[in-house]
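Here is the naming used below: chain letters follow the sequence lines, and residue numbers restart at 1 for every chain. Everything numeric in this text was worked out from a predicted model, so none of it was measured.
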Amino acid sequence: MTDYNTLTVPEATAIQKTLKDQVIVTPFTGDIKLIGGADISFNKFSTTVYAGIVLLTFPDLKPVGYSLVRKEVLFPYVPGFLAFREVPALLEAWEQLPVKPDVLVVDGHGIAHPRKMGIASHFGVLAQHPTIGSAKKKLYGKYEEPGLQQNEHTLLTDKFDQPIGTVLRSKKNVKPIFVSPGHLTDIPTSLRILQQSIRNYRLPEPTRLAHNAVNSFRKGLINEGYTKAD
DNA sequence: GCGACAG
DNA sequence: ATCTTGTCGC
């Protein structure tokens, strides 16, 4: 894999344009026995990132294991290029998993991106695995505010009015979350899977638990490597 | 030139 | 993203 740490933004843009042709947006049909959640944590002003992927049963959403990896990252955070900061570490956490989840939920967007290459799509193409992007804020696109009741949703569209994702009210009276296909999933199936991943919080269990895990890892409360859940 | 701008 | 206490609203 090419070293993302020494890339310039123009070079990163070129890579995104190449990977874009490899993204496959198609209905996810298979059964889901295991679902994964991926996230990153770091200390402000530090080049050390703490990446993690959590495995949970589906549809029970009970955690079964955590894969944690620490890595040095030099590529800066630039809106639209998040993947170049987080994907390398996430791929290491991915390779460290004893078993792969049927689908992985990544904290960030999938095709709901200026070049249709958000982190969920980027990771999916490199790992050659189904992914879904779940973000807390919009990066690109336009939409109508969904109703305030749980599960109400509207379409997120690009500049040609083509659908690129869903704006979902995951819980009553909370800010909506943005769901989009990463790789080997489509808009309807990514939304269904995401909805089945919501429990008592605004954020889906996969990325919510991944977020908790990487933060505990960063604070030294959990060890690096793969650990089975209690 | 002016806004928008995942984590 | 992270830091960080109290406070407002359902």
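With rounding to whole Å, A:Leu203 atom CG is found 16 Å from B:dA6 atom P. At whole-Å resolution of the value, CD1 in A:Ile40 and P in C:dA1 are 12 Å apart. Per the geometry, CZ belonging to A:Arg202 stands 18 Å off P belonging to C:dC10, to the nearest Å. With rounding to whole Å, A:Lys138 atom NZ is found 7 Å from B:dA4 atom C1'. One atom, CG of A:Asn212, and another, P of C:dT2, lie 11 Å apart when rounded to the nearest Å. Atom-to-atom, CZ of A:Phe45 to P of C:dC3 comes out at 12 Å; the value is rounded to the nearest Å. Nucleotide C:dA1 holds its C1' atom 9 Å from the CG atom of A:Asp39, rounded to whole Å. Protein atom CZ of A:Phe178 is 10 Å distant from nucleotide atom P of B:dG7, rounded to whole Å.
Ion pairing of A:Asp107 with A:Lys136 is present here, as a side-chain N (NZ or NE/NH1/NH2) and a carboxylate O approach within less than 4.0 Å. A salt bridge does not link A:Arg169 to A:Glu152: none of the charged nitrogens lies less than 4.0 Å from a carboxylate oxygen. Salt-bridge check for A:Lys142 with A:Asp158: failed, with every basic side-chain N at 4.0 Å or more from each acidic carboxylate O.
A:Lys172 comes within 4.0 angstrom of nothing in the nucleic acid, heavy atoms only. Within the nucleic acid shown, A:Phe81 comes within 4.0 Å of at least one base atom, counting heavy atoms only. A:Gly133 comes within 4.0 angstrom of no nucleic acid atom, judged by non-hydrogen atoms across all strands. Within 4.0 Å of A:Lys137, counting heavy atoms only, lie sugar-phosphate atoms of the nucleic acid but no base atom.
In this structure, A:Tyr77 reaches the B:dA6 phosphate: one of its side-chain N or O atoms is under 4.0 Å from OP1 or OP2. The phosphate of B:dA6 has neither OP1 nor OP2 within less than 4.0 Å of any side-chain N or O from A:Arg115. For C:dT2, the OP1/OP2 oxygens have a side-chain nitrogen or oxygen of A:Asn215 closer than 4.0 Å.
Comparing B:dG7, C:dT2, B:dA6 by their nearest atom to the side chain of A:Ile119 picks out B:dA6. Distance from the side chain of A:His211 is smallest to C:dA1 among C:dA1, B:dC5, B:dG7. For A:Ser41, whose side chain is taken as the heavy atoms from C-beta onward, the closest listed nucleotide among B:dG7, B:dA6, C:dT2 is C:dT2. Here the side chain of A:Arg218 is nearest to one of B:dG7, B:dC5, C:dC3, namely C:dC3. Which of B:dG7, B:dC5, C:dC3 sits closest to the side chain of A:Asp107 comes down to B:dG7.
A cation-pi arrangement is present between A:Arg85 and A:Phe42, with the terminal nitrogen or guanidinium carbon under 6.0 Å from the aromatic centre and inside a 45° cone about the axis.
When only modelled atom types and interatomic distance are considered, A:Ser41 and A:Asn215 share a side-chain donor-acceptor pair under 3.5 Å.
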